[in-house]
Amino acid sequence: MRAIEIAGRRGASLRQLLSRGRRADITRPRSFATPIHNAPNAHIPPYLKLLDSYGKVKDVLGRGRALTLAEKILYSHLDNAEESLLTNTNGGRDIRGTANLKLKPDRVAMQDASAQMALLQFMTCNLPTTAIPASIHCDHLIVGENGAQSDLESGIKMNQEVFDFLESAGKKYGIEFWPPGAGIIHQSVLENYAAPGLMMLGTDSHTPNAGGLSTIAIGVGGADAVEALVGAPWELKAPRILGVKLLNKLNGWASPKDIILHLAGQLTVRGGTGYIIEYFGPGVETLSCTGMATVCNMGAEVGATTSIFPFNSAHVRYLESTHRQDVAAEAQKFSSYGLLSADEDAVYDEVITIDLATLEPHINGPFTPDLSTPLSQFKKTVQEENWPEKLSAGLIGSCTNSSYEDMTRVESMVREALEAGVRPASDFYVTPGSDQIRETLRRDGPLDTFKEAGGIVLSNACGPCIGQWKRRDGVEKGTSNAILTSYNRNFRGRNDGNLDTMNFLASPEIVTAMTFAGTTTFNPMTDTLQTASGKDFRFTPPSGKEIPLQPFEAARPEFRAVKSAPDPSVEVAIAPSSSRLALLEPFEPFPASELTGLRVLVKVTGKCTTDTISAAGPWLKYKGHLPNISANTLNTATNAATGEVNVAYDLDGSQHTIPDLAQRWRNAAQPWLIVAEHNYGEGSAREHAALQPRYLGARVVLTKSFARIHETNLKKQGVVPLTFADEADYDRIHACDKVETVGLLDMLRSGGQGTVSLRVENAHSGQTILIPTRHAITRDQAEFILAGSALNLLSKKS
């Protein structure tokens, strides 16, 4: 074990919205709530069932087996504990990284962009309702520009067709529907659904946000979500467990965001792949629930399966303040059995120790969330790297940092500056995470303070964080400029479509301080600003409230969830002539032979994220129309042979964009593969990054390594993900080379057993080489690929 020491509705409801808005053996306790799908309060986890399941796990592994918190919750959700934990695991001694866990999650949450494809897939299963509770959250399709009301009205009018589809599907299948403006999925989940001991899936990579409330919450693609929605076991390679021990307490300018910004710098964007990050130690008790959620949210940036904190008094306070006293009471009973914390002698695969008392603020970026720089060194780094010193805009909020604590800490700074006569020198944007947060901030004053400072308060939606931002500062595409945000991801071009916008990630407090200064070289811990009268002004360390003195204000009625029993008479709203929505056609099954005649469409170099493979921003409007959105496939990828972006060459030497060549080959029935480097598909849970290549004719993706969610998404859509056995072979395969598989069919028919090689014929010399590969295809995944997709198989079974 390695130790690392670190210092430092159908449209009626929408139209209404528009019109309104301007350690002992387990003994079963009798008092536990055991809600079912249609119970009066299905928001309390099925604790009695989980206790029974945990008892079976202890029977299988032995009563003396010490487990981590993550293992306790995961294993308590196994469909068959003995099968999952004892198959090919050396009698249960080698579970982590080896076992294929077949899990039964408690709940699924879907944001509107990914929900479209998930629901289109679910509809093909012809079921009357979902097997477990689910929710739809309309948060991705609102463009941030002028302010909440104006942006919301424009967004609803522009996306009415999609919102009608989602609402009608919710009514038909009994899925809770949160309308546009209600809030960002992860904040709404934390406020309403997350609960200690729960296990949930979400069709967004930042679903682990709920781990801040001791929930196992995992980001997945739509096909994974559909598995859970139809009641099938969901498969996960048993993660290894990375323990992060927190010591002491944060001081001064340091915030929970700095824990994960610093950790990302240590682990890199793929250092958490295959791990659950579990936090423990005395420092945990000093953090708020929402602070823990911030830390878990950005665990996605290091590739972790999910992140989690143990249950403690901060969770009780948060649950009670969000009007869930019943959940808090039941969780406290459940915790007395030791299921919401790790066993004292639990062993982690690795341990990292962070001393919160010496941790300073960090700033991460640009263009990658793991380029971490301590605040004390940032000015020097900016100057050495020749990054822009002028700050174009500061943006706070989002699903990562829009809590009451975040906003009241920022308000303390803004109020102090205003009273000294200092105003923001850069554009200042504020995104509340939910209407519950917005209304509470309105009631208690921070919202007015932000507006008094000239802040633009955006809608309760993702907005600029995911590329839904219409800038008004005149910065043209191609212009190098810097922004600071409290967001979670900062890939090139992500926020405004400008590949030269440098997004630096920081806490809301640091973002705000630099926004008042108007420069990226300002350090609020040491530097001063000048007031209008020429006096020096220095921010004092920010202070705020963990939760409001009074419980959170309820969301306005028009922004509350629409709940109803499944109604089979409801017709799901899809216009036959729609350019936004299209019913899915099943992919063809795997042939009864090896794959032959494949061609390399493009060999990609450098970072290739899901944003690269399937861009968001203006393309979000086509999320429900696979043919239309496929026109953006790999359109920001870099050609390894030429260094050109979005350029590929056909066999005759003609030049095309990458998606145009893919479409051309699809029309010619020419199957193809992609060749790429490390951590291919990092970033969001965007299954379109797998669906689009599959639709256009991809059968194989060959890389040096994959990001977890994307690798799974490829398998679910019938695409074979392979990695080089020898990374040097990346240099031996080129665009347009002819490829056939060797051993693939036998491996698939053997349930993932066996090796696969690729026979590659050079497109120019005709020379043939054999490239050995590795794969991580399980028995179930082999069945998906043989069937053509997981959906094909699920449709047959249902």
Side-chain angles (χ1 to χ4, degrees), residues 37 53 73-81 83-84 99-111 114-136 169 173-175 198-205 207-208 216-239 305-306 584 586-587 589 685-691 694 708-719 721 748 751-752 776-798:
H37 189 175
S53 297
I73 300 178
L74 268 183
Y75 298 170
S76 296
H77 285 85
L78 287 168
D79 186 46
N80 183 319
E83 177 186 349
S84 286
N100 293 313
L101 307 179
K102 295 188 176 180
L103 299 154
K104 298 300 287 288
D106 300 307
R107 169 174 290 278
V108 169
M110 299 172 282
Q111 42 96 335
S114 55
Q116 296 170 61
M117 195 58 66
L119 290 170
L120 288 167
Q121 293 177 84
F122 178 76
M123 288 165 60
T124 68
C125 296
N126 298 312
L127 295 174
T129 187
T130 60
I132 59 175
S135 55
I136 300 164
Y173 300 115
I175 301 171
L198 188 82
M199 180 189 172
M200 63 174 292
L201 304 181
T203 60
D204 190 282
S205 61
T207 298
I216 287 287
I218 302 176
V220 298
D224 279 327
V226 171
E227 276 190 289
L229 291 174
V230 303
W234 177 72
E235 187 178 66
L236 175 71
K237 178 72 71 175
T305 300
T306 192
L584 295 175
F587 293 129
R686 201 168 298 165
E687 73 170 338
H688 290 76
L691 275 164
R694 177 68 162 108
R708 176 193 66 85
I709 299 176
H710 185 63
E711 183 177 10
T712 299
N713 285 346
L714 288 170
K715 298 170 190 176
K716 290 291 173 73
Q717 302 306 334
V719 180
L748 293 174
I777 294 172
T778 67
R779 179 174 296 279
D780 286 356
Q781 291 166 348
E783 291 183 12
F784 297 153
I785 294 170
L786 288 171
S789 70
L791 183 59
N792 288 357
L793 200 62
L794 287 173
S795 297
K796 289 179 182 179
K797 290 182 178 180
S798 62

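We count residues from 1, following the sequence as given.
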Nearest heavy atoms of [X] and [Y], plus distance in Å:
X	Y	answer
Leu119	Ala169	CD1-CB, 3.9 Å
His710	Ala690	CE1-N, 3.9 Å
Ala131	Ala228	CB-O, 4.3 Å
Ser84	Ala99	O-CB, 3.4 Å
Leu74	Leu103	O-CD2, 3.2 Å

Would you give the length of the straight line joining atom [atom1] of [X] to atom [atom2] of [Y], rounded to the nearest 0.5 angstrom?
X	Y	atom1	atom2	value
Leu794	Leu229	CG	CG	10.5 Å
Asp79	Ser53	CG	OG	9.5 Å
Leu78	Lys104	CG	NZ	11.0 Å
Met110	Thr207	CE	OG1	11.5 Å
Ile132	Ile175	CD1	CD1	10.5 Å
Leu236	His77	CG	NE2	13.0 Å

Study note, to complete from the structure: The side-chain contact (heavy atoms from CB on, under 4.5 Å) partners of Ser135 (sequence neighbours excluded) come to Arg107, Ala109, His137, Glu176, Trp178, Tyr193

Check your understanding: Which residues pass the side-chain contact (heavy atoms from CB on, under 4.5 Å) test with Ile709, sequence neighbours left out?
Key -> Ser205, Ala685, Asn713

Quick one, [X] and [Y] - any side-chain contact, counting heavy atoms below 4.5 Å?
X	Y	result
Val226	Thr124	no
Leu127	Tyr173	no
Asp106	Met200	no
Ile218	Pro105	no
Asn100	Lys237	yes

Please report, to 0.1 Å, the donor-acceptor pairs under 3.5 Å made by any side chain of residues 779-790, with sequence neighbours excluded.
residue: Asp780; atom: OD2; partner: Lys102; partner atom: NZ; Å: 3.3
residue: Gln781; atom: OE1; partner: Lys715; partner atom: NZ; Å: 3.0
residue: Gln781; atom: OE1; partner: Thr778; partner atom: N; Å: 3.0
residue: Gln781; atom: OE1; partner: Thr778; partner atom: OG1; Å: 3.4
residue: Ser789; atom: OG; partner: Leu791; partner atom: N; Å: 3.4
residue: Ser789; atom: OG; partner: Asn792; partner atom: N; Å: 3.1
residue: Ser789; atom: OG; partner: Asn792; partner atom: OD1; Å: 3.3

Check your understanding: Residues in ring pair (Phe, Tyr, Trp, His ring centres under 6.0 Å) with His688, at least two apart?
Key -> none

**Study point:** Under the side-chain hydrogen bond (donor to acceptor under 3.5 Å, both in side chains) test, residues paired with Glu687 that sit two or more places apart
**Key:** Gln121, Gln717

Review point. What residues, two or more places apart in sequence or in another chain, satisfy side-chain hydrogen bond (donor to acceptor under 3.5 Å, both in side chains) together with Thr203?
Key: Ser114

Review point. Stepwise, does the side-chain contact (heavy atoms from CB on, under 4.5 Å) test hold for Val220 with Thr712?
Key: CA-CA 8 Å; Val220 298; Thr712 299; over 6 Å; no

